[in-house]
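Ligands are counted one by one from 1 in listed order, and the atoms in each one are counted from 1 as well.
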Amino acid sequence: MAEDDTGTKEDTATPPRPAETAEQPPTSTQHKTLKYSLLGPSLTKSGQDGVDQKKVADIIYNASKGSKFFNNEESRDKSLTVKIARILAKKRELERIEAQGGLKSEQKKADEYIAELEYGRDLSQAVVHVDCDAFYAAVEELDRPELKDLPFAVGIGVLTTCNYAARKFGCRSGMAGFVADKLCPQLIHLPLNFDKYTAKAKEVRAVLEQYDPRFESASIDEAYLNITKYCEEHDMQPEDAVAQMREQVFRECSITISAGIAANAKLAKICSNKNKPNGQFRLAADRAGVLAFMRDLPTRKVNGIGRVFERELDAIGIKTCGDIYPQRHYLSRLFGEKAFQFLMSVYLGLGRTDIRPAEEFERKSVGTESTFHDMSDPKELRDKLRRTADELEKDLQRTEFKGRTLVLKIKLHTYEVFTRQVQPPKAVFTADDLYHFALPMLAKLEKEMPGMKLRLMGLRCTHLVSVKKGEVDFFGRARQPARRAGSEEGGSSKVDVDEHGWQVWPDEEFEDAARQERQEEAEELERLSQEMQNQDQDGTTADYRRYANGFAWRSYLEEEQQQKQQAPTPEQWTCPICSIPQGADERAFNAHIDGCLSRQTIKEIVKTADESGEAAKRVLTPMPANTAKRKRGRPSETEKRAKKAFFA
Ligand code: TTP
Ligand code: MG
């Protein structure tokens, strides 16, 4: 099957050049960039060969013009364009410095880093990335074979996916249903049935396990395997082993999967999309071949380069991975040290080969965040912070960690993100402590940006200390997590290894960020499309949100584990504020807590806390002892809190 091509030849389907100087970009440029961003997060999905993306962009533009969704995209796009103008200004400054003979040390540093990375290049492993084809749609098709050749999509409001018949019309994941209907009026919409998909995913994983018992689930329908050992033991070529595995999945699970085979996980993931659906592609394990492969690869095809990063790179002239090299001496100044390291590994086609169960990966942070309608009232912001601290306490309890660093993240209504961090005198984990140490950061941000309007707030603990039994050393001290490359402690470009001697890559952070970008966009789109269509929320849409647009596979696993630990579900939950038992209904319970929290007395406490961090500590200490054990439910109707366990 032919390599996927998403129609990037079309004018509208490549990121347009941004305005070079102005803080306010000209309308024509804005119009073009907006059209590009309206194409959505799944522009590069396979199965869209021959789709005229320019036409799709026009249809999306006209169908959504004037809607909340459109206005939202417009303001997001404006912020990004302004940000890009700043990056360009910085680049011009660097070019000036370079013209005067500067930046030599940057170039030297980049070349040394490349040499060091090259030195560690490992071409000995056969890493495979498998990804099920049109997964949710394929599962639905098993129950409704009559849909096989008809265009259909899964998901109400927003498409989670669609079959390949629908993709020919330009329909794809993360697209509003009403837009997809414009592209393909005969499109059939099916509701989500998450239990069916997880059951099927388990069947597929049972087959994968036979080829690599230590395979790594990357999302609900994708996994990484290292089949080097399998091939040795069975005296097989990787292509043959993978062909056999795909046949076995089809035989035993009745769905098709595609696969990429390469020397590392990054390359394998790119390759699995090459011959989709129901195909496989092997990139030979030789250095020259890998470099040639990367040279012409559009940046967006790399896991970890999302819509925003793609546009930022494009703005400075990096369209393909081969374009990275000539700009290597600018990268850390423009995008930071970690991005420099990530981009170097992308250019060289390097990546990790240590494939192991997702649960085994060292957790570097535990955090929670939520999006909501614009919020600026200081009291509301404090309430929100308190609830975020409550959520984080729960996550820390579940994962059995304390944090030595506490990070507050906010996103303004303009989509600008700010983070602040603090090192409390002791590792923190209780909601009271989390709130107490986060509040001064929030107050400081308010001072810096009077009247700031937030659309997201998150709290995260990093530099974790395990409180698991058995994770203390001989002296009774908690063992430290392994140091990661490019971590906050060190900005050096030295190649780093973890405690087991594995080379540490910065990829995970970028992959998580890109995943989160897609997730947030899809959630936003779902919320807006629901508002537009004034739909009643039923169990189906709640499920969609619950699983965070299908990307929260790890969170799902965690949830499963948690459910096992928690059984049986308590009949009644005690309100941590008024201590009166409530029915075990999450929504009603949340509403009750919100009611309690907004009472005047609590408001006064929060007001006091606003004035001084110390005061906050004083008044918050007598909170009921059972706060730590309290059960918080799912988001309330009016305030969507798509909670995410993130692994940044
Ligand atoms: P993907 O593997 O990205 O997509 P897919 O399997 O439907 O199609 P492809 O053949 O291109 O691999 O995602 C797996 C499932 O995750 C998908 O069937 C539905 C869900 N999903 C969402 O819920 N939202 C999304 O935005 C995407 C991309 C997927
Ligand atoms: Mg898939």
### Query
Hey, which atoms in ligand 1 end up nearer than 4.0 Å to a heavy atom of Thr161?
5 (P), 7 (O), 17 (C), 18 (O), 19 (C)
### Nitrogen or oxygen of Asp133 less than 3.5 angstrom from that of ligand 1
no
### Query
Counting heavy atoms only, which of Leu159, Thr160, Asn278 is nearest atom 25 (C) of ligand 1?
Thr160
### Message
Does the residue Glu222 have a heavy-atom contact with ligand 1, meaning some pair of atoms that are separated by less than 4.0 Å?
### Response
no
### Task
Might you confirm whether atom NZ of Lys229 has over 12 heavy atoms from other residues, nucleotides or ligands at distances under 6.0 Å?
no
### Task
Below 4.0 angstrom from a heavy atom of Phe135, which ligand 1 atoms are there? Numbered from 1 as shown, please.
5 (P), 6 (O), 7 (O), 18 (O)
### Task
With heavy atoms of Arg167 as the reference, note each atom of ligand 1 found under 4.0 Å away.
5 (P), 7 (O), 8 (O), 9 (P), 10 (O), 11 (O)
### Task
Evaluate the criterion side chain to side chain contact (heavy atoms under 4.5 Å, CB included) for residue pair Arg167 and Ser46; output intermediate values, then yes/no.
CA-CA 8 Å; Arg167 291 186 195 190; Ser46 59; 3.9 Å; yes
### Task
Round to 10° and report the angle made at the Mg ion (ligand 2) by OD1 of Asp131 and OD2 of Asp221.
100°
### Task
Tell me, please, whether Phe152 has Arg144 positioned over its six-membered ring: NZ or CZ under 6.0 Å from the ring centre and within 45 degrees of its axis?
no
### Task
For the pair Thr228 and Gln125, evaluate side-chain hydrogen bond (donor to acceptor under 3.5 Å, both in side chains) and give the outcome as yes or no after the intermediate values.
CA-CA 6 Å; Thr228 316; Gln125 303 299 299; 3.2 Å; yes
### Query
Which residue from Tyr136, Tyr197, Phe194 reaches closest to atom 15 (C) of ligand 1 through any of its heavy atoms?
Tyr136
### Task
Work out whether the distance between some heavy atom of Tyr164 and some atom of ligand 1 is less than 4.0 Å.
yes
## Note on the structure
A student comparing Pro277, Ser173, Ser272 should find that the heavy atom closest to atom 28 (C) of ligand 1 comes from Ser173
### Message
Side chains of Ser345 and Lys266: any donor to acceptor distance under 3.5 Å?
### Response
yes
#### Entry: Nitrogen or oxygen atoms of Ala137 and ligand 1 under 3.5 Å apart
no
### Message
Main chain of Leu150, side chain of Asn163: is a donor-acceptor contact present, judged purely on distance under 3.5 Å?
### Response
yes
### Task
Ignoring hydrogens and angles, tell me if any N or O in the side chain of Asp323 forms a donor-acceptor pair with the backbone of Thr320 under 3.5 Å.
yes
### Task
Go through the steps for Arg246 and Asn278 under the test side-chain hydrogen bond (donor to acceptor under 3.5 Å, both in side chains), then give the verdict.
CA-CA 8 Å; Arg246 291 179 38 243; Asn278 198 15; 3.0 Å; yes
### Task
Could you tell me whether ligand 1 has any atom less than 4.0 Å away from a heavy atom of Glu140?
no
